[in-house]
Structures are given as structure tokens and as C-alpha cells.
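As the structure lists them, so they are numbered: ligands from 1, and atoms in each ligand from 1.
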Amino acid sequence: MTAGTDVHLAYNDLVTLVQRIFVKNGASEHNARILSENCASCERDGSLSHGVFRIPGYISSLNSGWVDGQAVPEVEDCGPAFVRINANGGFTQPAFMAGRPLLIEKVKASGVAILAIRRSHHFSALWPDVEPFADEGLVAFSVVNSMACVVPHGGNKAVFGTNPIAFASPREGAAPFVFDQASSAIAHGDVQIAARAGHDLKPGMGVDRDGEPTTDPKAILDGGALLPFGGHKGNSIALMVEILGAALTGGYFSGEFDWSGHKGAQTPFTGQFFVVIDPERGGNNTFAHRVAEICDLVLEAGQDRLPGDRRHATRAKAATAGIPLSAQNYQMLTALAKA
Ligand code: NDP
Ligand code: PYC
């Protein structure tokens, strides 16, 4: 390979490469497989702030002893429509996969069910968690809180995480309708990417260490903080995520866990909440059709695209051309897989 040349990998090859890295850094084969599928899916769909970019952070968290790559989650059946999971200090995705079959069983039986995961590390995008439910005809909503780096509206101390929310719904004749967005004005990962690339941010996204507005991503990362999106409205969503992701699940708030004894720790140790609904419980058999109708109305009214469209277009390209990786990222992965 010539230096600087992009590489294109098949999805399965990227999964295998990333799985090897997780295993080399202490994850069980099973957990590594789930995490590598998640990472490769993000890279394939162009969710670049949560794909291969995150591998050094995963590794440094594993090696610091902050997260347990071998963790075995405990799934508890808490009633006709409630599943709880203790991730036991491991990554969220293996815990989620352990509880998913029971959750689906309850949704089928009750029409709706909740999944509450605690003592878990989520370091990725949320759409991979919710989109597969919509592919199966279900509606899903999920939130996860992260690490305190967002100042409440009008406040002066970071309390919230970047706290994303994601929603997925079946849509007749098309890919599911899915949105997945941070409740901060920008995800922390995108601030890091902007800092590396030397790009300024748009105004209104963050403050520096003195609480003064700044567009410099380095000033935000160096003792500054982010702001919620949309002023007091995004603020309430960030607060809701703390309530559902932590208070309800039994996980830590974004500002509550102490990782200071684990040099290199990067993964937030919090909780994740899901509610999953069978939309056909009413027996109308028109739900997915109605979703397609409202999406079409929005597009006809002039919105240039729906959330998820960019990801699905990127995924389609990767299906024929492979997943593009910069030479630098490919070399990083191969070196880590050999190390
Ligand atoms: P973006 O602002 O890039 O996108 C948010 C949503 O809006 C996406 O569904 C996106 O769809 C859609 N969208 C973007 N532009 C348009 C447009 N012009 N028209 C219609 N829809 C649009 O995401 P964020 O920066 O807020 O978050 C990035 C990622 O970071 C998310 O995946 C999130 O889960 C993750 N994250 C994870 C955290 C964690 O603790 N694990 C914490 C915070 C964020 P599309 O994808 O198709 O562009
Ligand atoms: O991009 O804000 C973010 C983030 C936090 C934790 C994982 N991703």
C-alpha cells in the first residue's frame, strides 16, 4: 500500500480486524465480536465520530482497568414489561444483546416493554441499538447519559453528558425512519475531530475554561464545556436523559462517576434506557404506511432529506465499494491487531 492511499475493506474484514484488537486488549471473544460489529457498522454508515476513530479510546479504557472487557451481564425479569440489566462494569452493547431476546418476548406479549441497563460503558452511536427493532416492525426509543461536559442553560458548571437520544420506526416502502442526536449542540467526538483538523466550530456550541463563548474546539476540550442544543429546550432533553439513563436504570449520572484513579479512562460509566413498542397492537395494520405518509409530506414540503438518509446512502456505497478507511486509520488498526 502506498502511503496516503485510502483502503476499502469489506464489512466482515473490518469486523475481524477490530475484533482482534479488542481481544488483544482484554475483551472476551464474545464481547469483542459485538463491539467490533458495532464499530464496523458506524464506520460503514459514515458515523465517523463513533467508528474506528474510537478504537484508541476503547483500548486506553480497557488498559486502564476502568472497563471490564470480560464482563458477563446479569439480566433480571422485573415484570410483564420490564427488563433490568446489570452490565457489571462492562460495555453496554454486550449487556444489551444479552437482554434483547427477553425484551422482544415481553414486547410481543405486552405490546410495550422497557429495558434498563446500569453499570455500563457506552462509547458509540445509538442508532445501531434502535434501528434493528424498526427492521423487525417495532418502534424503539433509547437514551444514554455520558460524561459531564455540558453546562446547563444559563449555568456555569458541566453537569450533563452529551446525552444522545435515538428513535426508530418502521416506514412502509423505505428504510426505517431513524434519528440519533446528541442533546449537546455538538457531540464530543465531533469536537475532537474538529480540533484535530484545525476547524472552528459554529458559534453557540461551547464555552472556554472561563465560561466565555468560543468557537475554538481546543478551548472547549481544554477546560471548557459544551452547551445544550436549542437553549432551555435542549437543556430539558439533556436532563430527561439523566433521569431515564441514570436515575431510572440505577446507573451513575454523567458527573457522578470517578475515573480519576484510571489514567487513560475515556468510556462513560452510566446507564441506558429503552422503550420498545409493537405499533400494530391496535390492529390497524396502517402504522408503517402512516409513517411513510408523514415522511413524504415533510419531503414534499421542502426538507431536503430525512435523518438516516445520509447513513443509508453511505451504507449502500460501502456495499459495492467497501468501507473506505484512510491509510492512517488502516495502519493504526493493523498495527494494533499485531501488537
Ligand atoms: P448529527 O447532528 O450529525 O445528526 C443528528 C441526526 O440528525 C442524525 O439522525 C442525522 O441523520 C440527522 N441529520 C443531520 N443533518 C440533517 C439534515 N440536514 N436533515 C435531516 N436530518 C439530518 O449527530 P450528533 O452530532 O448530535 O451525534 C452524533 C453521534 O454521536 C450520534 O450517533 C450519537 O448517538 C453519538 N453520541 C454518543 C454518545 C454516547 O454517550 N454514546 C454521546 C453523544 C453522542 P444522518 O445520520 O443520516 O446524518
Ligand atoms: O461524542 O459526545 C460524544 C460521546 C460521548 C461518549 C461517547 N461519545
Quiz item: Just which atoms of ligand 2 are under 4.0 Å from any heavy atom in T162?
Solution: 2 (O), 3 (C), 4 (C), 5 (C)
Quiz item: Quick check: does M147 get an N/O under 3.5 Å from an N/O on ligand 2?
Solution: no
Quiz item: What atoms of ligand 2 come within less than 4.0 Å of a heavy atom belonging to H50?
Solution: 1 (O), 3 (C), 4 (C), 7 (C), 8 (N)
Quiz item: Judging by distance only, is a nitrogen or oxygen of H188 under 3.5 angstrom from one on ligand 2?
Solution: yes
Quiz item: Which residue owns the protein heavy atom closest to atom 6 (C) of ligand 2, what's the atom, and how far is it?
Solution: P268 CG, 3.8 Å
Practice problem: Could you tell me whether ligand 1 has any atom less than 4.0 Å away from a heavy atom of I186? | Solution: no
Self-check item: Options R310, Q181, R305, ranked by nearest heavy atom to atom 14 (C) of ligand 1, top entry
Solution: R305
Quiz prompt | Distance filter under 4.0 Å to D309 heavy atoms, resulting ligand 1 atoms | solution = 47 (O)
Quiz item: Is atom 30 (O) of ligand 1 less than 4.0 angstrom from at least one protein heavy atom?
Solution: yes
Practice problem: Measure the distances from the heavy atoms of S124 to every atom of ligand 1 and state whether one is below 4.0 angstrom. | Solution: yes
Exercise. Please determine, by modelled atom types, if S260 and D258 share a side-chain donor-acceptor pair under 3.5 angstrom.
Key: yes
Quiz item: By number and element, which atoms of ligand 1 are closer than 4.0 Å to a non-hydrogen atom of D190?
Solution: 25 (O)
Quiz item: Between N235 (side chain) and H153 (backbone), is there a donor-acceptor pair under 3.5 Å?
Solution: yes
Exercise. Check whether any protein heavy atom sits under 4.0 Å from atom 27 (O) of ligand 1.
Key: yes
Exercise. Examine ligand 1 and decide if any of its atoms is less than 4.0 Å from a heavy atom belonging to Q303.
Key: yes
Practice problem: For atom 5 (C) of ligand 1, state which one of D180, V178, D304 supplies the nearest heavy atom. | Solution: D180
Quiz item: Against heavy atoms of G308, which atoms of ligand 1 measure under 4.0 Å?
Solution: 11 (O), 45 (P), 47 (O)
Practice problem: List the closest protein heavy-atom neighbour of atom 1 (O) of ligand 2: residue, atom name, distance to the nearest 0.1 Å. | Solution: G189 N, 2.9 Å
Quiz item: Going by the atom numbers of ligand 1, which of them fall below 4.0 Å from some non-hydrogen atom of F179?
Solution: 9 (O)
Quiz item: Does an N or O anywhere in R54 fall below 3.5 Å from an N or O of ligand 2?
Solution: yes
